[in-house]
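Accompanying notes for the structure given below.
The shown structure was predicted, so the numbers you read here are calculated from the model rather than taken from an experiment.
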Amino acid sequence: MRLMIAFTTIAAAAAAALALSIFAARASADGLNKSASTGLYWSTAKEEGDLVAKADAAGDSSLLWDDDDENHRDFDAGGFSSLDGMLQWAIGHSDPSKLKEAAKDVQRLSPDELKKRHMEIKACQELMEKLKMPSDAQLMRIAIDDLKNSSLPSEDRLRALEELSTLVEPIDNANELHKLGGLIIVIKQLNHPEQEVRTASALILGKACQNNPVVQKQVLELDALAKLIKMARSEFVEEAIKALFAISALIRNNFVGQELFYAEAGELMIQDILSNSSIDIRIQKKSVLLVADLAECQLENGSNPEPLFFHNRFFLRHSMQSRTFYNCGQKH
C-alpha cells in the first residue's frame with residue numbers, strides 16, 4: 001500500500017505555487033525565498049503507518065487514495081521529482097479559468113498575506129520531504145542493521161532476510177552488499193540455530209552470486225562454501241535445497257570455487273545424496289544439476305586436471321540414472 005497526500009491538498013499547494021511564480025517579482029522585492037525544495041516521494045512503512053493512524057483518528061478518508069482512483073495514476077510513474085513537476089501535473093488536471101482567477105487573487109494579496117501563503121507552501125514541501133521513499137541502498141542498510149541486532153525476534157529477522165533477498169537480485173545491489181557490511185552478516189546467519197534463518201541466508205547468497213564473479217570471490221574469501229556444503233546434508237529439505245542452489249551459483253564458471261569445492265569434499269556430499277534413495281527427490285535433482293554444471297565447465301576447459309570423481313563408476317551410474325529419471329518428465 002502506498003500512502004499519498006490528498007488530491008485536494010496537492011491541488012491547493014500547486015495553485016499557490018502557480019500564484020507565487022506569477023508574483024515572483026513582488027516576492028523578490030519583499031525578500032521572500034523563491035526557491036523550491038525537493039518534491040514528493042513515497043513514504044516509508046513507519047511513516048505510512050503513522051499517517052494512516054492519523055487519518056483514522058480524524059475520520060478523514062481523503063488522506064488516503066483508493067488504488068482504483070484514477071487521480072493517483074500519475075504517481076505510479078514515480079512521483080514528482082520537484083515542485084515544478086507537481087505544478088505541471090496540477091495544471092493539467094485543473095480548470096484554466098479557475099487558475100486565472102486564483103492568479104488574480106494572489107496579485108491582490110498584501111506582502112504579509114503573500115508571505116503567509118509562501119510559508120504554507122513551504123510547510124507542504126517539508127511534509128513531502130518526510131514522505132520520500134528510501135533508496136535500495138538505504139533499505140539494504142536498514143535490513144543489515146536489523147540483522148546485527150542479536151535480540152531481534154525471529155519474525156523480524158526473517159523479514160529482514162526476505163527484504164535483502166529481493167534487494168540483491170539486481171547485480172548493482174548485489175555488488176553493494178559487501179560494501180554495506182551485509183555479506184559478513186548474512187554468512188554469519190548460516191550458523192543460526194533456526195533452520196528458517198539459515199535457509200533464507202543461503203538463498204540470499206545464491207541470488208547475489210548468480211553470474212557475478214565479484215560477489216563469488218567475496219563469498220569464497222569469507223569461507224562460506226564449507227558451511228553451505230554442510231547445510232546441503234541437512235535433514236531439512238528446504239535448507240538443503242537452498243544450500244545446493246547457493247553452492248551452484250557460487251562455483252559456476254569459477255575455477256577457484258570449484259577447487260575449493262573439491263578440497264571441502266563436495267563430491268562426496270553429492271555422492272552421498274545420489275546414493276541415498278530416502279533423500280528427497282528435489283535435493284537429488286539439485287545435486288544432478290550441480291554435477292552437470294561441473295562437467296560442462298570441465299569440458300569447456302579441458303586443460304584443467306579432471307576431478308577423480310568423474311572416473312567413479314558408482315557415482316556416474318547414479319548421476320546418469322537420476323538425470324534420465326528427471327528427463328522422463330517426472331514431477332516433483
Side-chain angles (χ1 to χ4, degrees), residues 154 158 161-162 164-166 168-169 186-187 189-212 216 219-220 224-254 257-300 306-332:
S154 296
L158 286 171
L161 289 169
E162 289 172 0
L164 270 184
S165 179
T166 300
V168 300
E169 289 179 357
V186 171
I187 291 174
Q189 305 304 307
L190 298 178
N191 296 319
H192 197 276
E194 297 184 22
Q195 66 91 7
E196 291 90 349
V197 173
R198 298 193 301 269
T199 301
S201 302
L203 178 60
I204 292 173
L205 294 178
K207 287 186 175 183
C209 287
Q210 283 191 113
N211 304 312
N212 193 331
Q216 285 178 334
V219 174
L220 290 171
L225 182 57
K227 296 177 183 179
L228 291 170
I229 291 175
K230 181 179 179 181
M231 287 173 59
R233 298 176 179 269
S234 173
E235 61 182 2
F236 299 104
V237 174
E238 285 303 317
E239 180 178 359
I241 290 174
K242 294 302 186 293
L244 285 167
F245 164 67
I247 293 170
S248 295
L250 180 56
I251 68 175
R252 184 176 295 121
N253 298 321
N254 188 306
Q258 292 173 17
E259 289 176 357
L260 288 174
F261 176 77
Y262 298 133
E264 295 290 343
E267 75 277 14
L268 294 180
M269 175 266 295
I270 294 177
Q271 290 182 37
D272 290 344
I273 291 174
L274 295 179
S275 62
N276 188 343
S277 59
S278 65
I279 289 181
D280 190 281
I281 196 68
R282 292 171 294 170
I283 298 175
Q284 293 189 331
K285 183 175 181 179
K286 286 287 185 183
S287 299
V288 170
L289 293 175
L290 175 56
V291 172
D293 283 343
L294 293 171
E296 181 179 359
C297 189
Q298 182 64 37
L299 289 173
E300 292 177 353
E306 187 172 296
L308 293 178
F309 81 100
F310 280 135
H311 296 282
N312 187 317
R313 292 183 179 180
F314 176 83
F315 168 75
L316 291 176
R317 178 167 58 85
H318 279 281
S319 297
M320 291 304 298
Q321 287 175 345
S322 299
R323 182 141 192 157
T324 301
F325 177 71
Y326 303 135
N327 290 336
C328 285
Q330 296 291 333
K331 297 181 180 180
H332 314 304

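Side-chain contact between M269 and I273 is present, with heavy atoms from C-beta onward closer than 4.5 Å. Considering only heavy atoms from C-beta on, L205 comes within 4.5 Å of V186 through its side chain. Looking at L290 and I251, their side chains come closer than 4.5 Å, going by heavy atoms from C-beta outward. Residues N254 and F261 have side chains not in contact (no heavy-atom distance under 4.5 Å, counting atoms from C-beta outward).
When all heavy atoms of A240 and A232 are compared, the pair lying nearest together is CB-O, 3.5 Å. Smallest separation of non-hydrogen atoms from L268 and R233: C-NH2, 3.7 Å. The shortest non-hydrogen separation linking A202 to L190 is N-CD2, 3.8 Å. Nearest approach of V219 to C209, heavy atoms of both residues: CG2-SG, 3.7 Å. Minimum heavy-atom separation, G257 to L220: CA-CD1, 3.6 Å.
Side-chain atoms of T199 and Q195 include a donor-acceptor pair closer than 3.5 Å.
In this structure a side-chain-to-backbone donor-acceptor pair under 3.5 Å is missing from S165 to L161. Using a distance-only test at 3.5 Å, with no hydrogens or angles considered, no donor-acceptor pair links the side chain of E162 to the main chain of A200.
Atom CG of L158 and atom CD of Q189 lie 9.5 Å apart (nearest 0.5 Å). Atom CG in N276 sits 9.5 Å away from atom CD1 in I283 (nearest 0.5 Å). Rounding to the nearest 0.5 Å places CD of E267 at 13.0 Å from OG of S287. Note that CG of N191 is 9.0 Å distant from CE of M231, once rounded to the nearest 0.5 Å. To the nearest 0.5 Å, atoms OG (S201) and CD1 (I187) are separated by 10.0 Å. Rounding to the nearest 0.5 Å gives a distance of 8.0 Å between CG of L274 and CD1 of I279.
Pairs of residues two or more places apart, or lying in two chains, that qualify as salt bridge (charged side-chain N to carboxylate O under 4.0 Å, His left out) and include a residue from residues 199-211 are E169-K207. Within the structure, the salt bridge (charged side-chain N to carboxylate O under 4.0 Å, His left out) test picks out the following pairs touching residues 238-248 (sequence neighbours left out): R198-E239, E238-K242, E238-R282.
Residues passing the side-chain contact (heavy atoms from CB on, under 4.5 Å) test with E194, sequence neighbours excluded: S154, H192, E196, V197.
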